> 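The structure is given below, and queries will be raised subsequently.
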Amino acid sequence: MLQGVFTEDDRTDATVTLHVSVRDLRPEDLPACTWSGSATHLHHVERELARAAAGEVDYLAVCTPAGLPVAIGGVDYRACEGAGTLWQLAVLPALQSCGLGTLLVRAAEQRIRDRGLHRAELGVEEDNPRARALYERLGYAAHGRAPDAWDEEGPDGTIRRHETMCVLMRKNLSA
């Protein structure tokens, strides 16, 4: 269960309790995930779902009772030997800071443990202190830096290479 306070306007406050569940992301979920990135990004996620079917990755969705994803993210078991690497974590912007990211990371960590692994790793862009603070709050510690790059789609549909520097973080997962 996730509880958050949403303000409609200055005169009205409402507390909304939203029950959510975590399950595998499915190809039919992708049209409801446009908030997570461009069409190029969603095509990449679709390719990763094929890797999930082969057991190389897990791709998770935090969903409302209607089955709509409000947070998604993956765990790659091939990126780093002996660890699960969390990546492409995203929360519907309107529901950020409501605990969905924490729920998603904890579910991903459980998937890693279920595979008999005892370490989770991730990279977070240096210019994303909010995400880094979440990971630190969840017990991740920085252990280095590395460049990263991916293709991203601009508003006009052009593809460009996004290059960034990431802080590498890890967490020991006890049983």
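Keep in mind that what you see is a predicted model, and the values were worked out from it rather than measured.
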> Of all residues at least two apart in sequence or in a different chain, which pass the side chain to side chain contact (heavy atoms under 4.5 Å, CB included) check with Ala149?
Arg161, Glu163
> Closest approach of Asn128 and Val124, non-hydrogen atoms and distance?
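Heavy atoms only, the tightest pair is O-CG2, 4.0 Å.
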> Once rounded to the nearest 0.5 Å, what's the spacing between atom CZ of Arg26 and atom CG of Leu49?
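Interatomic distance, Arg26 CZ to Leu49 CG, rounded to 0.5 Å: 11.0 Å.
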> Take atom CZ of Arg145 as the centre, draw a 6.0 Å sphere, and report whether it contains more than 12 heavy atoms from other residues, nucleotides or ligands.
no
> Nearest 0.5 angstrom please: Leu173 CG to His118 NE2, how far?
8.5 Å
> Between Glu125 and His162, does a side chain to side chain donor-acceptor pair (under 3.5 Å) hold up when you go through it step by step?
CA-CA 11 Å; Glu125 289 184 83; His162 176 80; 3.1 Å; yes
> List, one per line, each side-chain donor-acceptor pair under 3.5 Å for residues 94-109, sequence neighbours excluded.
unit_1: Gln96; atom_1: OE1; unit_2: Arg130; atom_2: NH1; d: 3.4
unit_1: Gln96; atom_1: NE2; unit_2: Val91; atom_2: O; d: 3.2
unit_1: Ser97; atom_1: OG; unit_2: Arg130; atom_2: NH2; d: 2.4
unit_1: Glu109; atom_1: OE1; unit_2: Lys171; atom_2: NZ; d: 3.3
unit_1: Glu109; atom_1: OE2; unit_2: Tyr140; atom_2: OH; d: 2.7
unit_1: Glu109; atom_1: OE2; unit_2: Lys171; atom_2: NZ; d: 3.2

> The test is side chain to side chain contact (heavy atoms under 4.5 Å, CB included); show your working for Asp151 and Arg160 and say whether it passes.
CA-CA 6 Å; Asp151 290 337; Arg160 72 173 183 89; over 6 Å; no
> Can a donor-acceptor pair be found between the side chains of Glu46 and His41 at a distance below 3.5 Å?
no
> Is there a path of hydrophobic side-chain contacts, each under 4.5 Å between heavy atoms of I/L/V/M/F/W/Y residues, joining Val62 to Trp35?
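Trp35 and Val62: one cluster.
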> Apply side chain to side chain contact (heavy atoms under 4.5 Å, CB included) to the pair Arg170 and Leu168, showing each step before the final yes or no.
CA-CA 7 Å; Arg170 68 170 53 126; Leu168 303 177; over 6 Å; no
> Quick one: do Leu42 and Ser36 satisfy side chain to side chain contact (heavy atoms under 4.5 Å, CB included)? Show the steps, please.
CA-CA 8 Å; Leu42 290 175; Ser36 72; 3.7 Å; yes
> Quick check on Glu28: does its CD atom have over 12 non-hydrogen neighbours (other residues, nucleotides or ligands) under 6.0 Å away?
yes
> How many angstroms lie between CD in Glu81 and CG in Leu117, if you round to the nearest 0.5 Å?
10.0 Å
> Starting from the C-alpha separation in whole Å, work towards a yes-or-no answer on side chain to side chain contact (heavy atoms under 4.5 Å, CB included) for Gln88 and His44.
CA-CA 10 Å; Gln88 295 184 346; His44 180 74; 2.7 Å; yes
> When you compare the side chain of Tyr135 with that of Leu86, does any pair of heavy atoms fall below 4.5 Å?
no
> Out of curiosity, Tyr59 OH to Asp24 CG, how far, rounded to the nearest 0.5 Å?
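It comes to 12.5 Å.
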> Considering non-hydrogen atoms only, spot the tightest contact between Arg23 and Arg111 and give its length.
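Scanning both residues completely, I find the closest heavy atoms to be C-NH2, 4.4 Å.
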> Judged by modelled atom types alone, do Thr85 and Glu121 share a side-chain donor-acceptor pair under 3.5 Å?
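Looking only at side-chain atoms, Glu121 and Thr85 do not form any donor-acceptor pair under 3.5 Å.
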> So Pro65 and Leu18, do their side chains get closer than 4.5 Å, heavy atoms only?
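Contact flag for Leu18/Pro65 side chains = yes.
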> Would you be so kind as to tabulate the donor-acceptor pairs closer than 3.5 Å made by side chains of residues 67-80, with sequence neighbours excluded?
unit_1: Asp76; atom_1: OD1; unit_2: Arg51; atom_2: NH2; d: 3.2
unit_1: Asp76; atom_1: OD1; unit_2: Arg78; atom_2: N; d: 2.7
unit_1: Asp76; atom_1: OD1; unit_2: Ala79; atom_2: N; d: 3.2
unit_1: Asp76; atom_1: OD2; unit_2: Arg51; atom_2: NH1; d: 3.1
unit_1: Asp76; atom_1: OD2; unit_2: Arg51; atom_2: NH2; d: 3.2
unit_1: Tyr77; atom_1: OH; unit_2: Asp58; atom_2: OD2; d: 2.6

> So which heavy atom on Val57 is nearest to which on Glu48, and how close?
CG2-O, 3.5 Å
> So which heavy atom on Ala61 is nearest to which on Leu25, and how close?
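Answer, listing the atom of Ala61 first, then Leu25: CB-CD1, 3.8 Å.
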> Flag the pair Glu152 / Ile159 as yes when at least one side-chain heavy-atom distance between them is below 4.5 Å, and no otherwise.
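Glu152 does not reach Ile159 side chain to side chain.
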> Determine the minimum heavy-atom distance between Ala142 and Arg132, stating which atoms define it.
CB-NH2, 3.6 Å
